[in-house]
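Notes follow the structure.
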Number of protein chains: 2
Amino acid sequence: MPEQCNQAMLALRDSIEIWGGKWKLMILLYLTIKVNEKNYFMEMARGIPGISGKMLSKELKDLEMNQLVKRIVHDTKPVTVEYSITEYGKSFVPIAEQLLKWGLSHRKVVKEK
Amino acid sequence: MPEQCNQAMLALRDSIEIWGGKWKLMILLYLTIKVNEKNYFMEMARGIPGISGKMLSKELKDLEMNQLVKRIVHDTKPVTVEYSITEYGKSFVPIAEQLLKWGLSHRKVVKEK
DNA sequence: CTGGATCCCTATGGATACTG
DNA sequence: CAGTATCCATAGGGATCCAG
């Protein structure tokens, strides 16, 4: 294998490590749909079916580390925390849409056999 | 959340379940690059850095189940098995390319901070 | 050569309870 | 409300050996 292919494989793995797993794409979708609303932690947990608080917390932290999600703490009492997608995070939205389309059509393909 | 959003989230998860994990995209890339060659098991294992035989075997089986990879057994002795990407599998290649590009550029973004 | 079987360790992720 | 800490069950994945 030429060296360039290794680079390509590693880049692919980077993407999958960031967006892989059960929840990250769903969170991205949620924040994309609700981009004009205030997205508070509890409401997000309710809006993403099946996610636990622990997971939501962890995943949001990961996404924040990668500068894909922004976290804003409001000094209310009790505190509320608002999440939103960053401009950079939006750069992945077209790809997520492709994945979404592919996933939808794949259901049909598998069902047809 | 409207019902339609749940469908979208599930479709996203379908995609990530099929292509997620450490190896599937790398296998797809391998078979895409070497689409004009005979791809035997051992050679693939050598060409995908770090993969174990067990994992390659399992991942290929998963991909075959989803009709993304074709498996051809040659009646030589000892037997050799040839793998290739299906036409349907190729439908994901453009998305993989997007993921690849995104992964490459993400390295720079993270490095810059 | 192909790839399944086994063993084993670690990462993932759920439930619950608790703190600021 | 927004998380953290703890406990625990299961899945992911590596190493090695073995059979067709």
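Chain letters run A, B, ... following the sequence lines, proteins first and then strands; every chain starts at 1.
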key: Of the listed nucleotides dT2(C), dC1(C), dG14(D), the one nearest the side chain of S52(B)   =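 Looking only at heavy atoms from C-beta outward on S52(B), the closest nucleotide is dG14(D).
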request  = Could you please name the option among dG14(C), dG20(D), dG4(C) that lies closest to any side-chain atom of V79(B)?
outcome  =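 That would be dG20(D).
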query = So which of residues 16-25 of chain A are in contact with DNA chain C, with a heavy-atom cut-off of under 4.0 Å?
reply =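 The stretch gives K22(A), W23(A) as the residues lying under 4.0 Å from the strand, ordered by number.
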Nearest-Å distance for atom pair [atom1]/[atom2], residues [X] and [N]:
| X | N | atom1 | atom2 | answer |
| --- | --- | --- | --- | --- |
| I51(B) | dG13(D) | CD1 | C1' | 11 Å |
| K38(B) | dT2(C) | NZ | P | 14 Å |
| E59(A) | dA11(C) | CD | C1' | 13 Å |
| R13(A) | dG13(D) | CZ | P | 9 Å |
| M55(A) | dT12(C) | CE | P | 9 Å |
| Y40(A) | dA2(D) | OH | P | 9 Å |
| R46(A) | dG3(D) | CZ | C1' | 15 Å |
| K58(B) | dG13(D) | NZ | P | 6 Å |

Applying a strict under-4.5 Å side-chain criterion to I, L, V, M, F, W and Y, I'd like to know whether [X] and [Y] cluster together.
| X | Y | value |
| --- | --- | --- |
| V81(A) | V35(A) | yes |
| L29(A) | V93(A) | yes |
| Y40(B) | I85(B) | no |

inquiry  = My understanding is that only residues two or more places apart in sequence, or in another chain, count here; which of them pass side-chain hydrogen bond (donor to acceptor under 3.5 Å, both in side chains) with S84(A)?
reply    =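 Once residues adjacent in sequence are excluded, S84(A) has no partner under the side-chain hydrogen bond (donor to acceptor under 3.5 Å, both in side chains) criterion.
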ask   = So, is S57(B) near the phosphate of dT2(C), with a side-chain N or O under 4.0 Å from OP1 or OP2?
value =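 Negative; the distance criterion is not met.
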query = Using a cut-off of less than 4.0 Å, is there contact between a side-chain N or O of Y83(B) and OP1 or OP2 of dC1(C)?
reply =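 So the side-chain polar atoms of Y83(B) never come under 4.0 Å of the phosphate oxygens OP1 or OP2 of dC1(C).
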task = Could you pull out all residues at least two apart from Y88(A) that satisfy ring-ring contact (aromatic ring centres under 6.0 Å, His included)?
result =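 If we apply the ring-ring contact (aromatic ring centres under 6.0 Å, His included) test to Y88(A), skipping adjacent residues, the hits are W102(B), H106(B).
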inquiry  = Pair T80(B), M42(B) - check side chain to side chain contact (heavy atoms under 4.5 Å, CB included), show working.
reply    = CA-CA 9 Å; T80(B) 53; M42(B) 263 286 101; over 6 Å; no
query = What nucleic acid atoms does M42(A) come within less than 4.0 Å of, heavy atoms only: base, sugar-phosphate, or nothing?
reply =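 Result for M42(A) = sugar-phosphate.
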ask   = Where do E43(A) and Y30(A) come nearest, in terms of heavy atoms and distance?
value =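 Taking E43(A) first and Y30(A) second, the nearest heavy atoms are O-OH, 3.6 Å.
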ask   = For DNA chain C, whose closest nucleotide is more 5', that of K54(B) or that of F41(B)?
value =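 Looking at DNA chain C, the more 5' nearest nucleotide goes with F41(B).
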